[in-house]
Trainee: 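Before anything else, here's the structure in question.
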Amino acid sequence: FTRRRLQQTIVLSVLVGLAVGVHLRVANNYRWDWTNQTRFYWQLSWRAPGLGPGTPLFSDGSVVSYANGYSLAAALNTLYPQSEAYPGLDHWFFELDRGFYRNPDEFIQGQDLKDGLRTFEYEGSSADTLLVYYEPEGRCLWVLDERFANNLEVPEISREFLPAATLAGILPDGETPGYPSEAIFGAEPAHTWCYGYQKAELARQQGDWGAVLTIWEAALKAGHKPNNSFEYLPFIEAFIARERWNDARQLSIQTYQENFKTQATLCALWDQVAAEHVQSAALDAALDDVRSVVACP
C-alpha cells in the first residue's frame with residue numbers, strides 16, 4: 001500500500017497486533033471451554049457418584065463448544081471406573097439433535113444404542129437414558145426428569161424426550177476412591193451453590209428430605225444463592241414433604257418473583273400438593289397465597 005518506511009512499519013504493526021489479538025482470543029475461548037468442561041464433569045460426579053453399566057448420557061446438543069460425541073464419551077468413561085472388559089465401554093455420550101429427534105416414539109419405547117471409536121465399543125438402550133441440560137452461563141448442571149416438563153428454559157427437544165429419562169442409572173453410593181481423577185479433571189471446585197444443589201437433588205432422589213433441608217441451611221449460612229431460581233425446587237419440595245407450609249409458600253413466591261418463567265412449574269407442584277395432602281388451615285392459606293401471587297390458572 002505504501003513505499004514509505006514509517007507507513008510500512010505502522011501497517012505491519014497493526015497486522016501483527018491483530019494476529020496476536022486473534023490468538024489471544026482463541027486461546028481464551030479454549031481456556032473457558034476447558035473450565036466449563038471440568039465444571040460439568042465435577043458437577044456430574046456430585047450428582048451421580050456412580051453410574052450403572054450401560055447408562056447412556058444424552059443432551060440436546062454438545063454441552064460445550066469444542067468437545068462433543070466420542071471426545072465427551074471418552075471423558076465420561078474416564079470419569080467413572082469401568083466394569084466392561086476391553087473393548088467394551090460402560091457409557092457413551094449422545095446428542096438428541098443428531099438423528100434421534102426423528103423417532104421420539106421409538107426412542108421412548110426403548111431403542112438399541114450402538115456406538116464406539118476405533119476398537120472401542122458401546123452397547124446400551126435408550127430406556128436407560130440419563131438426560132442432562134448444561135448451560136454454564138447462569139445455571140448449574142441439570143439432570144432432567146419429569147419435574148422439568150414445565151420448565152421453559154429446558155430446550156423443547158429435551159422436554160419432548162423426558163418420558164425416556166430415568167434416574168435409575170445413578171448409583172448414590174457409587175463413589176470410588178481416585179475418581180474423578182484430579183490429574184485429568186483438575187482439582188475439585190469449591191463447594192458453593194452448585195455443589196449444594198447437586199447434593200440436594202441426589203438426596204431428593206433418595207427421599208432424604210432431612211438431608212435436603214440440612215443443605216439448605218448450610219447454603220443460607222454460607223450466603224450461597226443460585227443464578228437460576230429453578231434451582232430452588234428441591235428445597236421447596238423438602239419444605240412441602242415436611243409440611244412446613246409457610247417456608248414452602250415463602251420460597252415459592254420468592255422463586256416466582258425472581259423468575260416469572262417458573263410459573264408453570266410452581267403451579268403444577270402446588271396442584272399436586274392440593275391433590276395429595278390432607279387439608280389444613282395452614283396448607284389452605286399457603287395454597288391460596290401461592291396461587292394468587294403466582295397467578296395460577
Side-chain angles (χ1 to χ4, degrees), residues 26-27 29-104 106-136 141-144 155 157-158 160-161 164-171 174-186 188:
V26 170
N29 289 342
Y30 273 90
R31 179 180 70 87
W32 272 112
D33 199 70
W34 176 241
T35 296
N36 291 330
Q37 277 192 66
T38 56
R39 289 173 180 173
F40 169 78
Y41 300 132
W42 277 105
Q43 287 189 52
L44 181 62
S45 72
W46 295 336
R47 177 64 181 88
L51 279 184
T55 303
L57 200 72
F58 276 87
S59 178
D60 61 297
S62 180
V63 295
V64 290
S65 298
Y66 299 120
N68 55 24
Y70 67 82
S71 55
L72 284 174
L76 189 61
N77 284 286
T78 309
L79 188 67
Y80 295 99
Q82 295 289 295
S83 66
E84 287 280 341
Y86 173 84
L89 294 173
D90 278 352
H91 315 294
W92 200 261
F93 177 83
F94 296 96
E95 299 171 31
L96 291 173
D97 60 0
R98 296 206 173 188
F100 293 99
Y101 67 92
R102 297 189 182 97
N103 298 297
E106 180 182 352
F107 186 95
I108 292 168
Q109 291 169 7
Q111 176 182 346
D112 290 338
L113 302 172
K114 291 185 179 182
D115 213 320
L117 178 68
R118 297 186 177 92
T119 59
F120 292 101
E121 301 173 353
Y122 167 80
E123 292 187 11
S125 171
S126 63
D128 301 318
T129 291
L130 189 70
L131 185 59
V132 302
Y133 176 52
Y134 181 61
E135 285 289 344
L141 167 67
W142 291 352
V143 177
L144 307 180
I157 186 173
S158 293
E160 184 178 4
F161 283 81
T166 177
L167 305 180
I170 294 177
L171 307 179
E175 292 185 23
T176 303
Y179 289 86
S181 169
E182 292 193 4
I184 298 173
F185 299 102
E188 184 170 6

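Predicted model only: the values in this text are computed from it and were never measured. For the numbers below, each heavy atom of this structure counts, side chains included, while hydrogens, waters and symmetry mates do not.
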Trainee: Which atom names give the shortest non-hydrogen contact between A67 and D33, and what distance separates them?
Mentor: N-OD2, 4.3 Å
Trainee: Any side-chain heavy-atom pair from F161 and P104 closer than 4.5 angstrom?
Mentor: yes
Trainee: Shortest non-hydrogen contact from Y122 to T55?
Mentor: OH-C, 3.9 Å
Trainee: Does F100 reach the side chain of L113, with side-chain heavy atoms less than 4.5 Å apart?
Mentor: yes
Trainee: Out of curiosity, E123 CD to D112 CG, how far, rounded to the nearest 0.5 Å?
Mentor: 8.0 Å
Trainee: May I have all residue pairs that pass salt bridge (charged side-chain N to carboxylate O under 4.0 Å, His left out) and include part of residues 85-101, sequence neighbours excluded?
Mentor: E95-R98
Trainee: Supply the atom-to-atom distance L141 CG to Y41 OH, rounded to the nearest 0.5 angstrom.
Mentor: 12.0 Å
Trainee: If you count heavy atoms of other groups shown closer than 6.0 angstrom to CZ of R31, is the number above 12?
Mentor: yes
Trainee: Which pairs, with at least one residue in residues 38-66 and sequence neighbours excluded, count as a salt bridge (charged side-chain N to carboxylate O under 4.0 Å, His left out)?
Mentor: none
Trainee: In terms of side-chain heavy atoms, does Y86 have a donor or acceptor partner in T119 at a distance below 3.5 Å?
Mentor: yes
Trainee: Kindly indicate whether the side chain of L44, heavy atoms from C-beta on, has any atom under 4.5 Å from the side chain of Y80.
Mentor: yes
Trainee: List the atom of P81, the atom of T176, and the distance in Å for their closest heavy-atom pair.
Mentor: CG-OG1, 3.5 Å
Trainee: Return a table of donor-acceptor pairs under 3.5 angstrom between the side chains of residues 124-135 and protein atoms on other chains or two or more places apart.
Mentor:
unit_1	atom_1	unit_2	atom_2	d
S125	OG	A127	N	3.1
S126	OG	F107	O	2.6
S126	OG	Q111	N	2.6
T129	OG1	S126	O	2.6
Y133	OH	E153	O	3.4
Y134	OH	N36	O	2.8

Trainee: Could you tell me the separation between the CG atom of L144 and the CZ atom of F58, rounded to the nearest 0.5 Å?
Mentor: 13.0 Å
Trainee: Does the E188 side chain pair with the main chain of E182, one donor and one acceptor, at a distance under 3.5 Å?
Mentor: no
Trainee: Is a donor from one side chain sitting under 3.5 angstrom from an acceptor on the other, for Y179 and E175?
Mentor: no
Trainee: Just how far is it from atom OG of S65 to atom CH2 of W34, taken to the nearest 0.5 Å?
Mentor: 14.5 Å
Trainee: Does W42 use its side chain to pair, donor to acceptor, with the backbone of F185 at less than 3.5 Å?
Mentor: yes
Trainee: Quick one: CZ on F94 to CG on L57, what's the gap to the nearest 0.5 Å?
Mentor: 10.0 Å
Trainee: Between H91 and N77, is there a donor-acceptor pair closer than 3.5 Å when you use the side chain of the first and the backbone of the second?
Mentor: no
Trainee: Less than 4.5 Å apart, side chain to side chain, heavy atoms only: is that true for F93 and S59?
Mentor: yes
Trainee: Do S62 and L72 have side chains that get closer than 4.5 Å, going by heavy atoms?
Mentor: yes
